[in-house]
Every structure is written in C-alpha cells, then in structure tokens.
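The structure appears below as structure tokens.
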Number of protein chains: 2
Amino acid sequence: MEFSEKQLEILHVAEKLFSKNGFDGTSVRDIAHEAQINVAMINYYFGSKDKLLDDLFDYRVEKFKMDESILQLTIPVMDILDEMVSSYIKYMNSSLAIYQIIAIEAGVKKRLMLSDSYKNLKVHNLHVISSIIQKGVDTGEFRPGNDPILIHATMMGTFMNFQMNRSFLKSELNITTDEEYSEYMESTLVTHLQRTIKALLTYEY
Amino acid sequence: MEFSEKQLEILHVAEKLFSKNGFDGTSVRDIAHEAQINVAMINYYFGSKDKLLDDLFDYRVEKFKMDESILQLTIPVMDILDEMVSSYIKYMNSSLAIYQIIAIEAGVKKRLMLSDSYKNLKVHNLHVISSIIQKGVDTGEFRPGNDPILIHATMMGTFMNFQMNRSFLKSELNITTDEEYSEYMESTLVTHLQRTIKALLTYEY
DNA sequence: TTTTAAATTAAACACTTGTTTAAATTAAAC
DNA sequence: GTTTAATTTAAACAAGTGTTTAATTTAAAA
C-alpha cells in the first residue's frame, strides 16, 4: 500500500498523538488540528479512525522484522546474539511511538492482535531468535532446552518496562533529558540484555 | 481510606472494565450498568471518574509491596531470591486487572505516575531487591556491580510481556484456557525468571 | 413518630465523539 | 477553455461523554 504526502503527514501526526495519549485518548479533531487539515480529510483518506490505525500499523510493521541475514555471518554465535539484541533494541528505541501504540492497543483491545501482519511479525522474530539459539546449541556454546519464547519475552519486556516507566526511572537513574535516557537504553540496557541472555543460555542449573 | 460495600462493588466493576477496555475506553455508564447502579452514584461516591481511578489505585496498591521479612529468613540467599521472584509473580498474576491498568495508564497518561504512592511502591520494591542482592554479594554468592533497577525491570517486564501478548502466546504455546496460561506463568515463567536472575547475578563476563 | 440525613433516581446539562453531507475550490483531462 | 474528477471546506448529524440538579425514596437520629 502506498501513501501520498498528505496521507503520510496525517499518519505521522496520528502516530505521535496515539503514542502520547492512546487511541481512545486521541480524537480525530486532535489529529486534524495538529496536522492543520479539515477533520473530514481523515475519513476521506482513511475511511474511519479505526482504519487509520490499521494503515498506520501496516505502514510501520515491516521495519520491525528482525534481520535474518545476521545468521549467515561468519562470526562467533555469541557475537550474532549480541548483534541481534543490539540492533533490535536500537531500532525499537528509534521507533518508540509505534511500539508504544502496539504495546497498549495489542494488550487492552483486541484490535491489533487480530491483525495477521502482527502475528506474522512475531512469528518471524521468534524464528530468528530460535535459529540463533539453535546455532549456539549446535556448536556447544549454548545449553539446550531454552525456549525462544521466554528469551524473546525477556528482551522485549525489559525494554518495554523502561519505556513505560520512563519518568520514574529517569528520576531514579538521575537522568534529566530524553536524549540521555535514550543513550542509557542503547548502551547500559543493551549490555544488560546481552549479558542476561548469554548468562541464561550458558548457565548451569 | 475505607470503602463501603457499595463503593467496593463499584471499584471492582471499574477495575474489571478498565483492565479490559482501558480507562478512556470505559464510560461511567458502562460501569454503572455492569454494577447495576445509577450513573450519578459514581460521582456521588467518588466525585469524578478520575478520582475513581485514584481511589481504585490506592485501594490496591498496598498489596503490591514486596514482603521485606523474607530478608530475615535463615535460608540461603539463593532461596530468598527464588522466593521473592515466585511470590511477586504469583501475586501479580492473581491481581492481573489492576496491573494491567497500571501498565497502560502509567505509561501513556501521566495519571498514576504523579501519584506518590505509586512512586513509593516502586522505591520500596527496588529496595527489597537491592537488599537481597547485597546479601548475596556479602556472602560471595553473587557478583557485585548488578543494578537492582535492571533486575527489577527484567522481572517486571518479562511478566508484563506475557500479560500483554496473552492471546498470541496462548496460541504459540498451544494453551487453550486462561487457567492453563495462569499455571504456565506461575510455574514455567517463574522458573525462567529465577534462573535468569540467578544466572545474571553469578555470570562471569 | 417526627425530623434530619443519606442514598437513589430520572432528567437535563454542556460538550465531545466519529462520521456524513453538500457545496465550494482546486487540479487534471480533454 | 470547457468538462470532469479530485480535493477541501463548513456545517450538521446522531450518539456518547462526564457531571449536575432537583426531586424522591430510604435509612438513621431525635
């Protein structure tokens, strides 16, 4: 699906407002006002407010697919794992708005959950993680028996926790700006997750 | 603050609907209908819809404080850690509704974030985790240098991820009923988190 | 039992919601 | 340049929002 310049402008404004105030907390008039267009244009271009969310999701979802090609790299599997965690967190961090929306709307409403593309995305990412783990198990570097679902949930959930408790954690970490918080997530948080997952995959229990 | 039987009935219905449809997605008339009362009673008892949410939060928040007394137990620190994870996840799992509300409203709106009791709760729980880690470091069982904030975020976030992706994960794990999913979280997920945190605290990197 | 207070009700309030309409403007096709 | 189509607009639509009011019923206090 292709979008015109005008449609993209509306999508970007909607993304911003949905992530800030939630889908139900954002009116079409809020969007129209911020985008400096007439309210009717939203229905003219997207049909309805619900379809606007669907289109926004389709517009963004493709980029959330994990890069499968890292599996082909001739580097140690430990480094592949590190690279996967790092690039995934960094991309999520650079696309916070849509991720915020997904987290809320997929959890509360059934809206996005029903979307096939959402399910396909998750299945794909689980598959990539699963393949990396398998590769490590084959080389004897990782212990077998670890469920990729749990690994994925840990990575995703920890990131999300930082996202949803931003203001509390900022004060707790003595961070003042959003930029600094962003840096923290891309360095300290990434390192933490890399260590956590590696520790788990090599841990003897 | 004490609530009458009628007020509690309203609070329980509100909790259920807020967790299902979000705060903005739930109207006072929805609550009144489900609780079989007149709409005006909500404002009569709670003043406003916003204050109803505040009261619901105050009503539940106390129970989310981690039990500090486990620190005094004369059992290995590993077992204290296991017990902390287990009891925390189990309690969260038994109070899903309010946790769902917290996750959404604290993240999107600034509503609950402004609440002092919410901040105090988090500070308290972080302190308990911090004390357990310190105890393990003192006995030489845990490595020093692990930030309790990251441990807490991992535990909380992973649980939340299971909560917010319920329907996807149910199909992925071949789970059909909510009861079974609940059992999974209290057994497999708890074990996973215990292992993860212990692995992280003892991991040599 | 009478008086006072609390609880409950239906109705109205003013405002916001998403969506549609029909007219006006702009752009494209011929 | 005229016609056709696409875009944009202000206005209206019906339904829903949280809240308030004033009247009524129920319960408690005197």
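Here is the naming used below: chain letters follow the sequence lines, and residue numbers restart at 1 for every chain.
Distance B:N43 CG to C:dA10 P: 16 Å, rounded to the nearest Å. Rounded to whole Å, the distance from CG on B:D24 to C1' on D:dG16 is 14 Å. Atom CD1 in A:I37 sits about 14 Å away from atom C1' in C:dG18, given to the nearest Å. As a whole-Å value, the separation of B:I31 CD1 from D:dG16 P is 17 Å. Computed from coordinates, the B:L53 CG to D:dG18 C1' distance equals 15 Å when rounded to whole Å. If you measure from atom NE2 of A:H33 to atom P of C:dG18, you get 15 Å, rounded to the nearest angstrom. Between the P atom of D:dT8 and the CD atom of A:Q7 lies a distance of 10 Å, rounded to the nearest Å. What separates CZ of B:F18 from P of D:dG18 is a distance of 9 Å, to the nearest Å.
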Restricting both atoms to N or O, compile the protein contacts to nucleotides 14-16 of chain C shorter than 3.5 Å, with distance only.
none

For nucleotides 4-8 of chain C, tabulate all protein N/O to nucleotide N/O atom pairs closer than 3.5 Å, reporting atom names and distance.
{"from": "C:dA7", "atom 1": "OP2", "to": "B:Y44", "atom 2": "OH", "distance (Å)": "3.0"}
{"from": "C:dT8", "atom 1": "OP1", "to": "B:K6", "atom 2": "NZ", "distance (Å)": "3.0"}
{"from": "C:dT8", "atom 1": "OP2", "to": "B:Y45", "atom 2": "OH", "distance (Å)": "3.1"}

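Counting only heavy atoms from C-beta on, B:K49 has its side chain closest to D:dT19 among C:dT20, D:dT19, C:dT19.
Residue pairs meeting the side-chain hydrogen bond (donor to acceptor under 3.5 Å, both in side chains) criterion with at least one partner in residues 5-14 of chain A, sequence neighbours excluded, are A:S4-A:Q7, A:H12-A:Y59. Listed by first and then second residue, the side-chain hydrogen bond (donor to acceptor under 3.5 Å, both in side chains) pairs that reach into residues 33-47 of chain B are B:K16-B:E34, sequence neighbours excluded.
Within 4.0 Å (heavy atoms only), B:T26 reaches sugar-phosphate atoms of the nucleic acid but no base atom.
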Distance-only donor-acceptor hits, side chain of residues 71-81 of chain B, under 3.5 Å, sequence neighbours excluded:
none

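The residue among B:Q36 and A:A40 whose nearest nucleotide of DNA chain C is located toward the 5' end is B:Q36.
Inspection of the A:N125 and A:Y88 side chains reveals an N or O donor paired with an N or O acceptor under 3.5 Å. Side-chain atoms of A:H192 and B:T154 form a donor-acceptor pair, as typed in the model, at a separation below 3.5 Å.
Taking the screw axis at each terminus of the helix from C:dT2-D:dA29 to C:dC30-D:dG1 from five consecutive base pairs, the angle between the two is 10° to within rounding of 10 degrees.
With a 6.0 Å cutoff to the six-membered ring centre and a 45° limit on the axis angle, B:K122 counts as a cation-pi contact of A:F168.
Taking 4.0 Å as the cut-off between side-chain N and carboxylate O, A:E15 and A:R60 count as a salt-bridged pair.
Here the two rings, on A:F57 and A:Y118, have centers that are under 6.0 Å apart.
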